[in-house]
Amino acid sequence: MNSGPLRVIIGIVIVAIVVYVVIFVMQRTTTKRVRELQDKKQKLTELDTKLSLVEGKKLSLTGQSLKRFDDLQTEYNEIENVDFKTFDQNAEDVLFESKGWNVVKAKQSLKNLNTLLDQIAAHIVEVRQGIEALQRMDAEHREAVKKLEVEYQALRKTLLTRNFEFGESIDKLEEMLANLEDDFDEFTRLTEQGDHTAASDIYTQLHTETERLERIIDQIPAIEKQLQTDFPAQIKELEAAYQQLTTDGYLFPNKRLQAEIAGIETSRVITNNMLRDLAIDDASANTEVISKQIDSLYAQFQVEMDAKKDVSQIKKEVETFINHARHQNHLLMIELDRIGQRYILTDREEAKTQEFAQQIKQIETDYRQTVLDIQFGKAIYSQISQQFEKFEDDLTAVETKQQAIWEGLQGLKDLEKDAEKQFETAAFSVRDIKREVEHWNLPGLPMDYRQLYERIINQIDRLDRTMQNSHINMHEIKTQLDTIQADIVTLTHSTDRLYHDAKFAEQLFQSANRYRMKNQAIAAAYNEALLAYQNHYDFGQARDVLGAALEQVEPGIQAKIEEQLG
């Protein structure tokens, strides 16, 4: 037999077996899943939903609440009579289909059956939650009735026993409480009838308004006390204080004080009307403003009373200060005249002292006018206190400048003595330099050195004549002395260089004597250096020329001589 057809037949048989096995497994799985869904449906039917509906009927619901309960009951009846039966029929259909060969259809039908059961379960949950919500609402409303009744009784008692604390607000408070009690009666009626849906709307408003009434009752007494007791007493005290202070001669920078006091009373009345109409937030804000205004007026009175005490204390001090500054300026003028006979003053000392006199005179004029204002009742003490403080500050500044000039004058004599010492030192320094240079026995001195020396001598002579004058300018003396001292420093350095170059050249001449008879270059350099040394007195040139030549025959000779000379 041909093996080809046989393999095809075997393949077909294997495929048929596999298909059969798959279908068999699918049938068993579908059947098992349907049984599980049927068990779940049975558990849903065994829930106490019906019992909950029976308990709900005992709530004696009416109105919207009753309608809501009836809707829930209708929904559950539809679940029992329609949805459950539909599920049962569909379950049988799936079991029937699973026995056939249409596996795909059976699988889809099983999925639809599962979805249907999930929808039924969710529907049952909604029904049960709706019933529980009605039961909970019934319990809450009945508890709210008891609680609100106690609260309204307490509020009524508060208004009766403490009505004096609420002033004119009592009528509005009682009206507000009466309206709440009317709403409460309606809430109670709806609750007892079981119309909880309608009662919920009233309860929300009742809760909000009751809290508002309690807050108002708690806030009013403090505001009422301020408006009816504290503020009137303070306003009266302010009016009396203003009258007394003006009688005592006080004036105030604020010209509207009396109008502001009257304005506070107007604000108090307006705020009291707000409180009467239960505009608590506005009334509270206004009382804070009024309180700050009252504090401000008290503060303004206190400022002037304190200022009057200060003025009384420092008035005499200012007068004494003026007299002292005037006397100091007089002494300074005398001292300027005395010192000016010996010294030429260059820092506008006399002009400045004249300016001080004018400043002191102006301060005294202003002070006298201020004293007259006090005597004739034209004084605002806070302003006068500030003015007196400015007088003292200005006088302090004047005396500080006076002292600086005085110390400067007293220092002129010391400056003169110091200048004399410096002059003497400078003269001796130049004399010592001259003697030292003469002792060196040099053939002569360079022109620039002689000119520097002669310039310093002339400066010393001129400064000596200046200092011998009967009327001297210490600034000019100081300038001349600084110039002389600077030139002496230059002369000292030049002298040191002169000595060094001369001695260096002399050492080189001595060393050159060993070579110049045998070395023409040395001989030529020697002659050139000797000419610079003896004829032109240019010792540095002599050193440079001869030193360079000797380095050619005796390297390091200049360094050696430098070391010897130090």
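Residue numbers start at 1 and run along the sequence shown. Computed from a predicted structure; not experimentally measured.
By the 4.0 Å N-to-carboxylate-O rule, Arg348 lies close enough to Glu355 to be salt-bridged with it. A salt bridge is defined here as a Lys NZ or Arg NE, NH1 or NH2 lying under 4.0 Å from an Asp or Glu carboxylate O, and Arg465 with Asp461 fails to meet this definition. Ionic pairing of Glu260 and Lys255 is not present here: no N-O contact between side-chain nitrogen and carboxylate oxygen is shorter than 4.0 angstrom.
Counting all heavy atoms, side chain and backbone alike, Ile484 lies closest to Ala426 at CG2-CB, 4.0 Å. Residues Arg342 and Met467 come closest through the heavy atom pair NH2-O, 3.9 Å.
At distances below 3.5 Å, not a single donor-acceptor pair connects side-chain atoms of Ser296 with backbone N or O atoms of Lys292. A donor-acceptor contact shorter than 3.5 Å links the side chain of Thr271 to the backbone of Ser267.
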Would you mind writing out the side-chain donor-acceptor pairs for residues 372-384 within the sub-3.5 Å range, not counting sequence neighbours?
| unit_1 | atom_1 | unit_2 | atom_2 | d |
| --- | --- | --- | --- | --- |
| Asp373 | OD1 | Gln369 | NE2 | 3.2 |
| Ser382 | OG | Glu304 | OE2 | 2.6 |

Donor-acceptor pairs under 3.5 Å, side chain of residues 305-317 to any protein atom, not counting sequence neighbours: which ones?
| unit_1 | atom_1 | unit_2 | atom_2 | d |
| --- | --- | --- | --- | --- |
| Asp306 | OD1 | Gln302 | NE2 | 2.9 |
| Ser312 | OG | Lys308 | O | 3.0 |

Would you list the atom pairs, donor with acceptor, under 3.5 Å between side chains in residues 449-457 and any protein atom, with sequence neighbours excluded?
| unit_1 | atom_1 | unit_2 | atom_2 | d |
| --- | --- | --- | --- | --- |
| Tyr449 | OH | Thr495 | OG1 | 2.5 |
| Arg450 | NH1 | Leu445 | O | 2.3 |

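Taking CD from Gln422 and CG from Leu415, the interatomic distance works out to 9.5 Å, rounded to the nearest 0.5 Å.
Partners of Arg268 by side chain to side chain donor-acceptor pair (under 3.5 Å), not counting sequence neighbours, listed by chain and number: Glu265. With sequence neighbours left out, Asp295 forms a side chain to side chain contact (heavy atoms under 4.5 Å, CB included) with Ser291.
Applying the ring-ring contact (aromatic ring centres under 6.0 Å, His included) rule to pairs touching residues 340-373 yields Tyr367-Phe388, sequence neighbours excluded.
In summary, the side chains of Gln354 and Glu350 do not present any donor paired with an acceptor at a separation below 3.5 Å, with no hydrogens or angles considered.
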